[in-house]
Amino acid sequence: MARQPEEKTELKIFSEEQSSLFLIALGPTIWALHFIVCYAATAVVCAKLPDLAGEGWLLRALIGGATTVALAGIAWIAWRSWRQWDFMDDGDYVHHRPVTEHRHEFLGHASFLLACLSFVGVLYVALPAVFVEGCV
Amino acid sequence: MTDAPDRQGRNQGGRHEPSDAAAAHGDAYPPTPAMLDAPIDPDFAKASEERLRETWKTPKGWRYWSAVNNSEVGTWYSLTAFFFMLCAGVLALLIRVQLAVPDNDFLPADTFNQFFTMHGSAMMFLFAVPMFEAISILLLPAFLGARDMPFPRLSAYGYWCFLIGGIFVLGSVLFGVGPSSGWFMYPPLATKSEGVGADIWLLGLSFIEVASIAAAVELIVGVLKCRPPGMRINLMPLYAWYVLVVGGMILFAFPPLIAGDFLFELERSFDWPFFDPERGGDPMLWQHLFWIFGHPEVYIIFLPSIAIAAMVVPTAAQRPIFGYSWIVLSAVGTGFLSFGLWAHHMFTTGLPALSLGFFSAASEAVVIPTGVQIFAFLATLMVGRVTWSVPMLYIAGSLAIFTAGGLTGVMLALAPMDWQVHDTYFIVAHLHYTIFGGMVFPVMAGVYYFYPFFTKKQMSPRLGRLAFWLAFVGFNVTFMPMHFSGLMGMPRRVYTYPGDIGWDLPNLISTVGAFVVAAGFLVFAWDLVRPKGRQPYTARNPWNAGTLEWAHDIPDQGWGARSIPYIESRYPLWDQPKLVERMDAGRYYLADAAEGKRETLVTTVLDAVPVQCLRVGGPTWITHLAAAFTGGAFIFPTFHWYPPAIVCGVLAIACVIWWLWTGTARPPEKTEKEIGLGLTVPIYVSGPAAPGWWGMWITMLADATAFASLIFGFFYFWTSSDSFPPEGASHVARGWVWAGAIALTASWALTRGARVVNRAGRAGLARLALAAAAGLTAAGAAAMLWSAHTAGLDPTSHVYPATVWAVLVWVAVHVSAGCIMQLYCLAGSLFGKLTPDYDADLWNVSLYWNFMVASVLVAAAVVDLLPRMV
């Protein structure tokens, strides 16, 4: 029966598509993970480790570390999607033609913009740790 | 660069791989102009049109109500949601009458409590969210040139569930037994409240939430898999982007509330003390679960409404949207950031200052993507040639009001400001500005804009302008003074106030304004439903819009599109001159219904290459039966009538099984068919290419989120209390828990194995594996429950045993559903529905079990390992 080889093709396409759409969500996902880490670390340290919480630096160092990792990850995604967008090569930012190249560059463009937003979002979320000293 | 695409967009090689699916179609795809101009035999065209009409015709007479077509279901859905909105509006007017003057006794306090609770609950759960689903069910297939949604019967089931649940919840207020603890139902007020009001809220709305998730699954699969050939992801109408984002948000926002409802109802019905501090519980957990739902929910109703603006603005400006990628950024970005805001509803609950800072910062960050989309609209209008239509008037009004609400939002996101005005009328003013501006006005714009598409008639521009100015002026007269009464300290939810503290005048003005808004809505409602029988049909594309829905047939035809076009532009009606003519002539895909079966096209996710001709369900009554019994299973427990509830639950499951057995994944009469323009695609596919598999995958994401919320509850109790688990508490029986987990893991392995051996043609072995798996599932579920029972864990004694039981019951119920699925596949194999070649059911059930095995192992670790470690 001719159907079964096609099945395999489909699986392959699915994985390609999955990874490409995934790229769009990657930057914001790192933002979300960073947010959860900051929130959970604060909740656990403030509620369960009062000795350590007294020393404000531990929590702030933890958040600082998480922020550095998150920003580095987002910067890498931004770099990758900037290259996928390929703006410097053709100056295209509209991507409205029905060709694979436009689809490809559009996904790069969108994930680049989202990486920028996520970068700013992570900085915002980290800022309280600059101004607030531990659990009050 | 060697990878420059040729004219049809197919790459020659290099970094950008051409789609394998497109390559598999050879020269037949994409179609060339010569193919599209090839002459068509007029007799055949006429005969195929007749067959198509016959296949898609709407049932007549009383059978009309058995329809499942998106145009019928969507119309009922939106009219029902609009009716519920008018009811909730009447409650608001009664509230305003009571508050018009000080020391008023128009409403008794308890009735007032019921009214404001029901006003908020109905506006949110019975109007705002369902309205998004209703409009999307109506419009999405048209935007995509599809014949219908991928699972039309699921939409119908969702609608009937919504209708039953909505009448039940809203009706309670007529009998004076409505919920009265506020729309967010904070414990302990709500857990201790007398009567059935709180149970009606919890069970009725849980029921509707399930319907919402069903609609979200349908819409996501619709956007990803049912686009017309050629409509690549960079050409999708912006509305589809928003639907995709909002569908995703529903999957992550609603399940925490469902988990919260589950715990809440266990406390109210069986006295399990999740929110009772005396036995180790914590009312704050409810606030967290509620607002993890509640804040994204605001964006769940805002984004699809702003998506309407994204369709109206380019039409008004007569040019493509400015900054398509930027709007995608703002939709996706808002979707994510809106989850980081939930605790800004909880600034006064004593969270650590640092935590307040995180939520405050995220609340300010969400302004960026929201602002981006508003500026993109303004830029489009500035560079275009604006025609000032009624829909555009509403959009302009909405932007003004929403911006005002957004500015107070920026103020409220700062914790110190929030501490001052928390729970005052300032908040009431803020939330109405955002929701009226962000949701109500854009939806009204959408009704005016899409009315010619819905009904093929026009609404009156004169009445439209009148309704707008009444609603716009009335709205500001109502809610602007609330900023001031709020700053003067007037709290929310008080049924009356004394006369000498300066609140009289702003309240009186608000009440007058509320009646002006109501007059606006009456004008709007009249214009919407007034008979238009004598009015001539509207022009086909009255606004000269560029998107595909305006290729509709006048008068209406049930088929959606005469033939499914090949799309090459974001605005095909502007850029593809012969498109409508060719669609009408049946030159594109699926122009015939040779077998008399309802069919729509399934395409790939990124490039929309046709991969399947999907058969979809036609009119049926089984969805009504299933919805009625599901309703019984949720409604009877409200009154603690458990036997009838159980009977209803069993019957609901039976209905769903019958519906699936007779209507889905039936082996087709042939493997593939020609869908036009020389293209041949399979009729039946299984696994990741099939829409059903995607539906399962997306549903399970929502289910996993609900389970994760329960586990979050476990950790939350641990951080919030010093006695979780309490000193000397008994734990689950280790041997039984892990015996259960191992049996269930084996069941998962056997299910996956059954799929593999079945595919290899060894159906007998597959049946054996499925039968063994079902047996192991039943034994495993029993062992997990027994582990808590035999250790003597009493769920009413303390929150720790209650939480352990809740996790185990959740898992046991889910694997029981998995057991039914295994037996379903076994029966399918025995009766020839599931064969080595046609095995979609087995793929979907294996996918379900992937999620099951993960939750079983997590549950075992959390109830057994974790408590002994901490």
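Within every chain, numbering begins at 1; the chains are lettered A, B, ... in the order of the sequence lines, protein sequences first and strands thereafter.
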What part of [X] is in contact with chain B, defined as an atom under 4.5 angstrom from a non-hydrogen atom: side chain, backbone, both or neither?
X	answer
A:A40	neither
A:V125	both
A:H102	both

Quick one: of A:G121, A:P28, A:A43, who has the most non-hydrogen atom pairs under 4.5 Å with chain B?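 That would be A:P28.
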Using a 4.5 angstrom heavy-atom cutoff, name the option from A:L123, A:T29, A:L127, A:I36 with the most pairs to chain B. A:T29
The single option from A:R103, A:R97, A:H96 passing side-chain contact (heavy atoms from CB on, under 4.5 Å) against B:N234: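 So, applying the side-chain contact (heavy atoms from CB on, under 4.5 Å) to B:N234 and each of A:R103, A:R97, A:H96, only A:R103 qualifies.
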Among [options], which residue forms the greatest number of heavy-atom pairs with chain A at distances under 4.5 Å?
options	result
B:Y571, B:Y716, B:F339, B:W718	B:W718
B:S325, B:A365, B:G230, B:G357	B:S325
B:P320, B:G340, B:S720, B:S330	B:G340

Note, B:R232 side chain near A:H95 side chain (heavy atom, < 4.5 Å): no
Taking the side chain as everything from C-beta on, heavy atoms only, tell me whether A:F106 gets closer than 4.5 Å to B:V328.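 Of all side-chain heavy-atom pairs linking B:V328 with A:F106, at least one is under 4.5 Å.
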CH2/B:W291: more than 12 non-hydrogen atoms of other groups inside 6.0 Å: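 Count over threshold, so yes.
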Take B:E568 and A:V99, measure what side-chain contact (heavy atoms from CB on, under 4.5 Å) needs, and give me the verdict at the end. CA-CA 9 Å; B:E568 297 171 274; A:V99 293; over 6 Å; no
Heavy-atom pair with the smallest gap, counting every atom of [X] and [Y]:
X	Y	answer
A:L114	B:G333	CD2-N, 3.6 Å
A:V132	B:L354	CB-CD1, 3.8 Å
A:P128	B:F358	CG-N, 3.7 Å

Interchain contact, [X] with chain A, by part (heavy-atom threshold 4.5 Å):
X	answer
B:L224	side chain
B:Y324	side chain
B:L235	side chain

Show, in sequence, the C-alpha distance, side-chain angles and deciding distance for B:L606 and A:L107, and conclude whether the side-chain contact (heavy atoms from CB on, under 4.5 Å) test is met. CA-CA 10 Å; B:L606 282 193; A:L107 288 172; 4.0 Å; yes
Out of curiosity, [X] [atom1] to [Y] [atom2], how far, rounded to the nearest 0.5 Å?
X	Y	atom1	atom2	answer
B:T719	A:L49	OG1	CG	11.0 Å
A:S118	B:L337	OG	CG	7.0 Å
B:F336	A:W31	CZ	CH2	9.0 Å
B:I233	A:H104	CD1	NE2	14.0 Å

Across all chains, not counting sequence neighbours, the side-chain contact (heavy atoms from CB on, under 4.5 Å) partners of A:W76 are A:R80
Parallel, tilted or perpendicular: rings of B:F359 and A:Y39 (30°, 60°):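 Ring orientation of A:Y39 relative to B:F359: perpendicular.
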